[in-house]
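Numbers restart at 1 for each chain; the letters A, B, ... are given by sequence-line order, proteins then strands. Everything quoted here is computed from the prediction, not taken from an experiment.
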Protein chains: 2
Amino acid sequence: MYSGSIKMNSSRRKLNDAGKRFTPQRALVMDIIRQGRGHLDADEIFRRARERESRLSLSTVYRTLHMLKELDMVDELHFGENHHHYEAKPAREHHHLVCLGCGRVIEFSYPLSRYLKKAVPEMKGFDINEVEISVAGYCDRCRRARRR
Amino acid sequence: MYSGSIKMNSSRRKLNDAGKRFTPQRALVMDIIRQGRGHLDADEIFRRARERESRLSLSTVYRTLHMLKELDMVDELHFGENHHHYEAKPAREHHHLVCLGCGRVIEFSYPLSRYLKKAVPEMKGFDINEVEISVAGYCDRCRRARRR
DNA sequence: ATGCAATTGCAAATCATTTGCAATAATAAT
DNA sequence: ATTATTATTGCAAATGATTTGCAATTGCAT
Ligand SMILES: [Mn+2]
Ligand SMILES: [Mn+2]
Ligand SMILES: [Zn+2]
Ligand SMILES: [Zn+2]
């Protein structure tokens, strides 16, 4: 199903340490998220996984995504749609611009959590688990095309 | 269904100007969002509206929310759940802390859009329509209760 | 008051995600 | 290596949120 890479053993380790089993379907989903360069939704992950392993079920994809989120190996992104997107946990904090015209997702890094802690009084005593900025608008290309 | 207030006439104006009709069900939904001090989800809006007008349908609530969002009279909030929340378009830009323990929503103001435009190079040429920060974590109270 | 398009309620449809369960397979123990 | 123990899987059916088709109703310009 999926043979191996540098990342694979460390993934197996992480799962096993958490009392989880390292299955081929989980390896496949992880691989697709990593190769997909983030921002895939559950169904897209499912479709791509299916090309490689046609017996895989959508429930397994969902269950795996849950688990990976739980283990902090993926982030779940919310683009204001009614489904989520997933990306491999990135090294540095970054956020996303989503173009309402073409759907393109542009990443930018911005250490929001740090700024918030400094700048926002309501933040005192609040223990941050997860911060997400999302910006919707029109990218360069689409903006040009549309004004007129 | 709903009689009137200072806001009502301006709402009627806004709708009519946009070629929309000012119906009692729309007035009711708007009123509930305003009184509810924001952060209600569609179903909660529906339940509250129903107490006052039992024939109102859930589709009408959804259709109205869509329209109000389109006309920029409400904001749709995404708390990382699989449904949305709504609040009357606020005067000043503010964002939300959501407590994973008790569900409480704490507001804070932070002019993110301004900062982003200054600080983020990817922002050049991007035309912002909507910016949302959401922070999930544990509030003061819950944090205390939980550690141990 | 009239006419007509916009809006409504209702039921059925759709979309995203979850769940129950019996069969299968990953790991730990032999 | 074999076996036993349980987590995991696939599948089908359930759920939750939102949307849609349609005939009946109603706002609003005339
Ligand atoms: Mn990203
Ligand atoms: Mn608010
Ligand atoms: Zn674009
Ligand atoms: Zn709390």
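The distance between atom OH of B/Tyr62 and atom C1' of C/dA12, rounded to the nearest whole Å, is 16 Å. Between A/Arg50 atom CZ and D/dT9 atom P there is a gap of 15 Å when expressed in whole angstrom units. When the C1' atom of C/dT17 is taken as reference, atom CG of A/Leu65 falls 11 Å away, rounded to whole Å. Spacing between atom CG of B/Leu58 and atom P of C/dA12 amounts to 16 Å, rounded to whole angstrom units. One can place CE of A/Met67 at 18 Å from C1' of C/dT19, the figure rounded to the nearest angstrom. Protein atom NE2 of B/His66 is 17 Å distant from nucleotide atom C1' of C/dA6, rounded to whole Å. The CG-P distance, from B/Leu28 to C/dT7, rounds to 17 Å in whole Å. As a whole-Å value, the separation of B/Asp43 CG from D/dT19 C1' is 15 Å.
Under a cut-off of 6.0 angstrom, the local environment of CZ in A/Arg37 is sparse, with at most 12 non-hydrogen atoms contributed by other residues, nucleotides or ligands. The number of heavy-atom neighbours closer than 6.0 Å to NE2 of B/His66, taken from other residues, nucleotides and ligands shown, is 12 or below.
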Distances for protein N/O vs nucleotides 26-29 of chain C N/O pairs under 3.5 angstrom?
residue	atom	partner	partner atom	Å
C/dA26	N3	A/Arg21	NH1	3.2
C/dA26	N3	A/Arg21	NH2	3.4
C/dT27	OP1	A/Asn16	OD1	3.2
C/dT27	OP1	A/Phe22	N	2.9
C/dT27	OP2	A/Arg12	NH2	3.3

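Residues from residues 71-85 of chain A that place a heavy atom under 4.0 Å from any atom of DNA chain C, listed by number: A/Asn82, A/His83, A/His84.
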Stepwise side chain to side chain donor-acceptor pair (under 3.5 Å) test for A/Glu87 and A/His85: CA-CA 7 Å; A/Glu87 71 180 352; A/His85 292 248; over 6 Å; no

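Using the six-membered ring where Trp is involved, A/Phe108 and A/His95 have ring planes that are tilted, between 30° and 60° apart.
Look at A/Thr60 and you'll find a side-chain N or O under 4.0 angstrom from OP1 or OP2 of D/dG10. Between B/Arg26 and the phosphate of C/dT8, there is a side-chain N or O to OP1/OP2 separation shorter than 4.0 Å.
In this structure, A/Arg63 reaches the bases: a heavy-atom distance under 4.0 Å links it to at least one base atom across the strands shown.
Residues A/Ser109 and A/Glu93 have side chains that never bring a donor and an acceptor to within less than 3.5 angstrom of each other. Checked by atom type, the side-chain pair B/His39/B/Glu107 shows a donor-acceptor distance below 3.5 Å.
Note on A/Arg143 versus A/Asp140: salt bridge recorded, some NZ/NE/NH1/NH2 to OD/OE distance being below 4.0 Å. The residues A/Arg47 and A/Glu44 are annotated as salt-bridged, a charged nitrogen and a carboxylate oxygen being separated by less than 4.0 angstrom.
Of the possible polar contacts, one joining the A/Thr64 side chain to the A/Thr60 backbone as a donor-acceptor pair under 3.5 Å is found.
Note: the hydrophobic cluster containing A/Ile45 also contains A/Leu15 (ILVMFWY, side chain heavy atoms under 4.5 Å, direct or indirect links). The same ILVMFWY cluster, assembled from side-chain heavy atoms under 4.5 Å apart, contains both A/Ile32 and A/Phe22.
Results of the side chain to side chain donor-acceptor pair (under 3.5 Å) test with B/Asp75 over B/Lys69, B/His84, B/Lys89 single out B/Lys89 as the only residue that passes.
Scanning atom types as modelled, one donor and one acceptor separated by under 3.5 angstrom connect the side chain of B/Ser59 and the base of D/dT20.
Between its opening and closing five pairs, the helix from C/dA1-D/dT30 to C/dT30-D/dA1 changes axis direction by 40°, a value rounded to 10 degrees.
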